[in-house]
Asker: 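Sending over a structure as structure tokens; questions will come in a sec.
As the structure lists them, so they are numbered: ligands from 1, and atoms in each ligand from 1. What you see is a predicted model; the values in this text were computed from it and never measured.
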Amino acid sequence: MGDMKVCSKCGMGKPVEEFSRDKSAKSGRTSRCKECRKEHYRQNREHALKQAKQWSEDNREHKLEYRKTRYQSLSPFERAIYVMANGVCGRTGENGVYNSKGIKNYLGNNPQVKAFLRENFGSDIRRLLDRGLTPSIDRINPNSHYMEGNIRVIDKNENARLGSEVANRLASKSVIAIKDGEQRIFESISECARGLGINDSTVRHHLKNGTTCRVGFSFVNAD
Ligand SMILES: [Zn+2]
């Protein structure tokens, strides 16, 4: 029968093999049995996880609070810049990446967009703010990208009005559907979609991109 050793934690006498080797200990074994050491680590781990979770929670609130305070400390001018830059980068992805709607941002990442707006539209932004309006970015050609030359800063409500106008105008424009050299003319996108048994959005998509839909039609505006 091998040597026995008493665990300093649970007080049980166990065969020495139940104690891990430990060169720094006089006996060459740890004072606590393997079972007790395992339990200790398990509890420690739970404690550590709990702490990490708490830390990230605290930190998250901290971050949100920090952002809020920072935003509130900005001047109205910088706030407008902040909102517009986030809008562009959120809709398009940063660094010229296409989003799901195919809008590309050529202006760069968030800080670059901010700098671009300050440099090129500073006076427009200030003028709108002075009139109590909300500056927002408008793409001059709505089918093109967020890029230099295709951007202006106008009032947010005006921008929304223009947006719905463009949508209405496009929707009511005559559409020619072309397949195998034959053309069919429709009074609007929705007439076209109904006539061909496809979705409005399909017609809009292929009309905009000049591509051919699954059932073989390509589309152009009549005028
Ligand atoms: Zn023990």
Asker: Indicate whether the side chain of S136 and that of N159 have a donor and an acceptor atom separated by less than 3.5 Å.
Answerer: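 Side-chain D/A pair, S136 to N159: present.
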
Asker: Below 3.5 Å, can you tabulate the donor-acceptor pairs from side chains in residues 208-220 to any protein atom, sequence neighbours excluded?
Answerer:
residue	atom	partner	partner atom	Å
N209	ND2	H205	O	2.8
N209	ND2	H205	ND1	3.2
T211	OG1	H206	ND1	2.7

Asker: Would you say the side-chain atoms of N120 pair up with the backbone N or O of F116, donor to acceptor, closer than 3.5 Å?
Answerer: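 Side chain of N120 to backbone of F116: a pair is present.
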
Asker: Name each donor-acceptor pair under 3.5 Å that joins a side chain in residues 10-20 to protein atoms two or more places apart or in another chain, with its distance.
Answerer:
none

Asker: Do E46 and K50 meet the salt-bridge criterion of a basic N to acidic O distance under 4.0 Å?
Answerer: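 Looking at E46 together with K50, the answer is no, because their closest N to O distance does not fall below 4.0 Å.
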
Asker: For the Zn ion (ligand 1), report each protein N, O or S atom nearer than 2.8 Å, sorted by chain and then by residue number.
Answerer: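 Protein N, O or S atoms closer than 2.8 Å to the Zn ion (ligand 1): C7 SG, C10 SG, C33 SG, C36 SG.
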
Asker: Let me check something: any side-chain donor-acceptor pairs from residues 55-69 under 3.5 Å, sequence neighbours excluded? List them with distances.
Answerer:
residue	atom	partner	partner atom	Å
S56	OG	K53	O	3.2
D58	OD1	Q54	NE2	3.0
T69	OG1	E65	O	2.5

